[in-house]
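The block underneath contains the structure these notes are about, expressed in structure tokens.
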Amino acid sequence: MSSELNIESPARINVADASKHAGELVEIRGWLYNLRKSGKIVFPIIRDGSGLMQCVAVKSNLPEPVFETLKNLTQESSFTIKGTVRAEPRAIGGYELDVADAQLVQRVSEEHPYPITPKDHGIEFLMDHRHLWLRSRRQHAAIRVRHEIVKGIRDYFDSHGFVLVDTPIFTPAACEGSTTLFEVDYFEDEKVYLTQSGQLYNEANAMAFGKVYCFGPTFRAEKSKTRRHLTEFWMVEPEIAFADLEEIKRVAEELILYLISRVLENRKEELKVLERDIAKLEAVHAPFPRMSYDEAVKLLQSRGSEIQWGGDFGNADETLLAQGFESPVIVDRYPAEIKAFYFQPDEQRPELALGVDIIAPDGYGEIVGGGQRIHDLALLEQRLVEHNLPREAFEWYLDIRRFGSVPHGGFGLGVERFVAWVCNLEHVRETIPYPRMLYRTRP
RNA sequence: UCCUCAGUAGCUCAACGGUAGAGCAUUCGGCUGUUAACCGAAGGGUUGUAGGUUCGAAUCCUACCUGAGGAGCCA
């Protein structure tokens with residue numbers, strides 16, 4: 001379906017760059033987002049991955065086949081289009097294309113029309129069509145915010161003296177001795193699991209490089225079925241030699257503030273598409289509210305929670321705790337009993353662990369968990385016994401305490417929960433392209 | 001693993017014991033500025049599955065399947 005007009009090859013542009021080409025003849029390649037017809041004028045909206053742009057095709061100005069091609073486009077049909085860019089405040093994105101020529105690449109057949117229509121759909125249907133759902137505006141916006149946050153994480157650590165030292169995905173033992181691991185049936189003579197944290201390796205790497213981080217997917221075989229859980233999720237974990245709990249808190253706070261400023265700087269359009277209340281993000285500021293576990297329990301009790309000292313916070317408690325604060329809440333010094341074996345005890349009150357969690361506002365829950373690690377060999381050996389962990393598997397980990405042991409610590413930040421909070425999404429499943437959940441492994 | 005809720009047209013839903021319906025999508029027709037465009041027409045159904053109650057079941061009962069939300073646990 002090519003035009004009879006002989007239009008010279010114009011510049012191929014992305015819709016996102018339309019403002020730089022006002023008045024110019026350009027070519028755009030993409031897919032049909034939506035089409036409105038009105039007799040002798042049609043308004044195809046093209047989606048090229050970078051944005052949306054309304055095109056205007058007037059029958060009297062175009063060769064018959066070109067107009068017919070555009071008029072008969074079906075949703076998500078692929079095509080290329082040439083025309084002149086013109087500022088148009090009424091149009092989405094502020095620019096329109098006055099069509100001169102168009103060429104069909106592949107027309108979506110009416111026997112199998114594009115399933116995701118501009119009307120409402122249920123979550124099951126959308127998840128079954130996740131590979132197509134990603135073409136939608138909101139999904140597009142969320143994934144771009146995710147990209148900004150991932151890039152922001154790397155930029156932050158790379159510019160603060162950290163070395164990226166990635167940790168293995170296949171690991172021979174539990175990091176925390178729990179039962180939430182995916183077993184891999186492949187390696188001979190040995191059970192191997194998918195990692196749930198790179199932390200133990202991170203500690204070794206911090207002794208090699210000083211300041212390190214790992215960034216990759218992690219896996220939890222928990223039977224969790226909530227809006228905050230994925231079985232496969234991404235986590236960034238920094239670890240710092242010679243750091244104490246206060247430094248860990250400071251770095252986590254600084255990272256969070258930096259990531260939010262990056263998103264506000266570069267992804268405001270996406271936040272608008274997501275209908276995120278931007279003022280609430282702009283209100284996040286240093287210093288974050290800080291409290292001890294003791295104080296958090298008292299605060300929760302005063303707000304009506306049933307929690308008793310010694311118990312861990314449930315989701316309701318986390319939401320209640322964060323209420324009334326503009327910034328995430330930093331809670332530290334938890335009872336050692338409810339924390340993992342490797343936390344350094346508080347010097348004054350050894351029943352407390354120098355662990356820290358950072359709880360996001362609005363019920364998004366724990367976005368950071370970390371703390372200061374045990375650096376004393378004898379104490380760590382004792383903890384392994386107390387937690388019934390197989391010493392042999394941890395010999396290499398004990399080496400870190402044998403060869404120039406120093407105080408150190410780190411934390412993990414869950415990318416999807418963080419993105420969900422920044423985007424104000426109902427569920428973390430929309431923050432990752434292909435979510436893996438308890439009852440969802442396809443597409 | 002447990003608790004709660006839901007499965008009706010391709011999609012979103014209505015009908016709640018008495019002839020299964022609407023909007024969107026699709027097809028055909030109309031419209032030169034539409035903004036999830038609009039107007040007219042058409043096609044489209046073993047009501048998740050299997051039993052049961054009843055003269056009669058999408059509707060009531062039982063089991064199962066699938067999905068969603070939550071608890072515990074976690075980022």
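Just so it is clear, the structure is predicted and the values come from calculations on it, not from any experiment. Convention: sequence-line order gives letters A, B, ...; per-chain numbering from 1. The figures here come from the full heavy-atom set of this structure, side chains too, leaving out hydrogens, waters and symmetry mates.
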Touch class at under 4.0 angstrom, heavy-atom based, for A:His129 against every strand present: nothing
Given the C1' atoms of B:C16 and B:G29, what is the spacing between them in whole Å? 39 Å
Is A:Thr74 side chain donor-acceptor paired with the B:U26 base, going by distance under 3.5 Å alone? no
Spacing of the C1' atoms in B:G48 and B:A68 (rounded, Å): 15 Å
Counting only distance, no hydrogens or angles, is the base of B:G33 paired donor-acceptor with the side chain of A:Glu96 under 3.5 Å? yes
Rounding to an integer number of angstrom, what distance separates B:U12 and B:G7 when you compare their P atoms? 12 Å
Between C1' on B:G33 and CD1 on A:Ile41, what's the gap in Å once rounded to a whole number? 5 Å
Measure the distance from CZ on A:Arg429 to P on B:G67 and round it to the nearest whole Å. 13 Å
Pairwise P distance for B:A9 and B:A58, with rounding to whole Å: 14 Å
Short side-chain donor-acceptor distance under 3.5 Å, A:Glu237 and A:Ser197: yes
Using atom CZ of A:Arg442 as one end and atom C1' of B:G67 as the other, report the distance to the nearest whole Å. 15 Å
Test of understanding: with salt bridge (Lys or Arg N to Asp or Glu O under 4.0 Å), list the residues that count as partners of A:Lys280, not counting sequence neighbours. A:Asp362
How are the rings of A:Tyr213 and A:Phe162 set relative to one another: parallel (under 30°), tilted (30 to 60°) or perpendicular (over 60°)? perpendicular
B:A14 and B:U8, which share atom name C1', separated by this distance in whole Å: 9 Å
Between P on B:U26 and CD on A:Glu110, what's the gap in Å once rounded to a whole number? 9 Å
Between B:U59 and B:G18, how many Å separate the two C1' atoms, rounded to a whole number? 11 Å
Taking salt bridge (Lys or Arg N to Asp or Glu O under 4.0 Å) as the cut-off, I'd like each qualifying pair that reaches into residues 221-236 of chain A, sequence neighbours left out, listed once. A:Arg227-A:Glu426
Distance, rounded to the nearest Å, where A:Lys223 contributes NZ and B:G72 contributes P: 18 Å
Side-chain donor-acceptor contacts of residues 32-41 of chain A below 3.5 Å, not counting sequence neighbours, with atom names and distances?
{"from": "A:Arg36", "atom 1": "NH2", "to": "A:Gln54", "atom 2": "OE1", "distance (Å)": "3.1"}
{"from": "A:Lys37", "atom 1": "NZ", "to": "A:Lys71", "atom 2": "O", "distance (Å)": "3.3"}

Assign each of A:Lys59 and A:Arg440 the nucleotide of RNA chain B bearing its closest heavy atom; nearer the 5' end lies the nucleotide of A:Lys59
Who pairs with A:Glu124 by side chain to side chain donor-acceptor pair (under 3.5 Å), at least two apart in sequence or on another chain? none
With sugar-phosphate meaning primed atoms plus P, OP1 and OP2, does A:Thr218 contact a base, only sugar-phosphate, or nothing at under 4.0 Å between heavy atoms? nothing
Watson-Crick/G-U partner (both atom distances under 3.5 Å) of B:U1: B:A71
Candidate nucleotides B:C74, B:G33, B:A71, ranked by approach to the side chain of A:Thr226 - the nearest: B:A71
Among B:A75, B:G70, B:G67, find the nucleotide with the atom closest to the side chain of A:Tyr439. B:G67
Would A:Phe233 count as stacked on B:A75 if the rule is ring centres under 5.5 Å and plane angle under 30°? yes
With A:Glu253 via salt bridge (Lys or Arg N to Asp or Glu O under 4.0 Å) - residues at least two apart: A:Arg290
Which part of the nucleic acid does A:Asn315 contact within heavy-atom distance under 4.0 Å: base, sugar-phosphate only, or nothing? sugar-phosphate
What's A:Gln75 touching, base or sugar-phosphate or nothing? Going by heavy atoms closer than 4.0 Å. nothing
Near-strand residues of residues 28-39 of chain A, defined as heavy-atom separation under 4.0 angstrom from RNA chain B: A:Asn34, A:Arg36, A:Lys37, A:Ser38, A:Gly39
Under 3.5 Å: donor-acceptor pair, side chain of A:Asp166, backbone of A:Phe215: yes
Would you mind reading off the distance between A:Glu318 atom CD and B:G70 atom P, rounded to a whole angstrom? 13 Å
Output yes when at least one side-chain N/O atom of A:Arg227 is less than 4.0 Å from OP1 or OP2 of B:C74, else no. no
Which protein N or O atoms sit under 3.5 Å from an N or O of nucleotides 11-13 of chain B?
{"from": "B:C11", "atom 1": "O2'", "to": "A:Asp120", "atom 2": "O", "distance (Å)": "3.2"}
{"from": "B:C11", "atom 1": "O2'", "to": "A:His121", "atom 2": "ND1", "distance (Å)": "2.5"}
{"from": "B:U12", "atom 1": "OP1", "to": "A:Gly122", "atom 2": "N", "distance (Å)": "2.9"}
{"from": "B:U12", "atom 1": "O4'", "to": "A:Asp120", "atom 2": "O", "distance (Å)": "3.3"}

Does any donor-acceptor pair link the side chain of A:Glu111 with the base of B:U26 at a separation under 3.5 Å? no
Closest of B:A75, B:G33, B:A68 to the A:His229 side chain is B:A75
I want to check one thing: is the phosphate of B:A36, taken as OP1 and OP2, less than 4.0 Å away from some side-chain N or O of A:Arg138? no
Go through the structure and list residues passing salt bridge (Lys or Arg N to Asp or Glu O under 4.0 Å) with A:Asp312, not counting sequence neighbours. none
Could you check how far CG of A:Leu70 sits from P of B:G33, rounded to whole Å? 18 Å
If the C1' atom of B:A15 is compared with that of B:G70, how far apart are they to the nearest Å? 30 Å
Just to verify, what does A:Ser136 make a side chain to side chain donor-acceptor pair (under 3.5 Å) with, not counting sequence neighbours? none
B:A68 OP1/OP2 closer than 4.0 Å to side-chain N/O of A:Lys225: yes
Does a side-chain N-to-carboxylate-O contact under 4.0 Å join A:Arg144 and A:Glu148? no
Is A:Ile45 touching bases, backbone alone, or none of the nucleic acid, heavy atoms closer than 4.0 Å? nothing
Residues in salt bridge (Lys or Arg N to Asp or Glu O under 4.0 Å) contact with A:Glu27, at least two apart in sequence or another chain: A:Arg12
Parallel, tilted or perpendicular: which one describes the rings of A:His129 and A:His131, with boundaries at 30° and 60°? parallel
May I ask which nucleotide in the shown strands pairs with B:U66, Watson-Crick or G-U wobble, both distances under 3.5 Å? B:A6
Side-chain-base donor-acceptor pair under 3.5 Å for A:Ser224 and B:C74: no
Nucleotide nearest A:Pro118 when distance is taken to its side chain, options B:G67, B:A36, B:C73: B:A36
Do the rings of A:Phe418 and A:Trp421 sit parallel, tilted or perpendicular, given the 30° and 60° boundaries? perpendicular
Can you tabulate the close N/O pairs, meaning under 3.5 Å, that link protein atoms to atoms of nucleotides 5-8 of chain B?
none

First of A:Lys71 and A:Arg86 reached from the 5' end of RNA chain B, by closest nucleotide: A:Lys71
Enumerate the salt bridge (Lys or Arg N to Asp or Glu O under 4.0 Å) contacts for residues 317-328 of chain A, please, sequence neighbours excluded, ordered by first and then second residue. none
When both distances are under 3.5 Å in a Watson-Crick or G-U wobble arrangement, the nucleotide paired with B:U47 is none
Take atom CZ of A:Arg228 and atom P of B:G69, then tell me their distance rounded to the nearest Å. 11 Å
Taking B:A36 as the reference, what is the distance to B:G17 when you measure between their P atoms (whole Å, please)? 39 Å
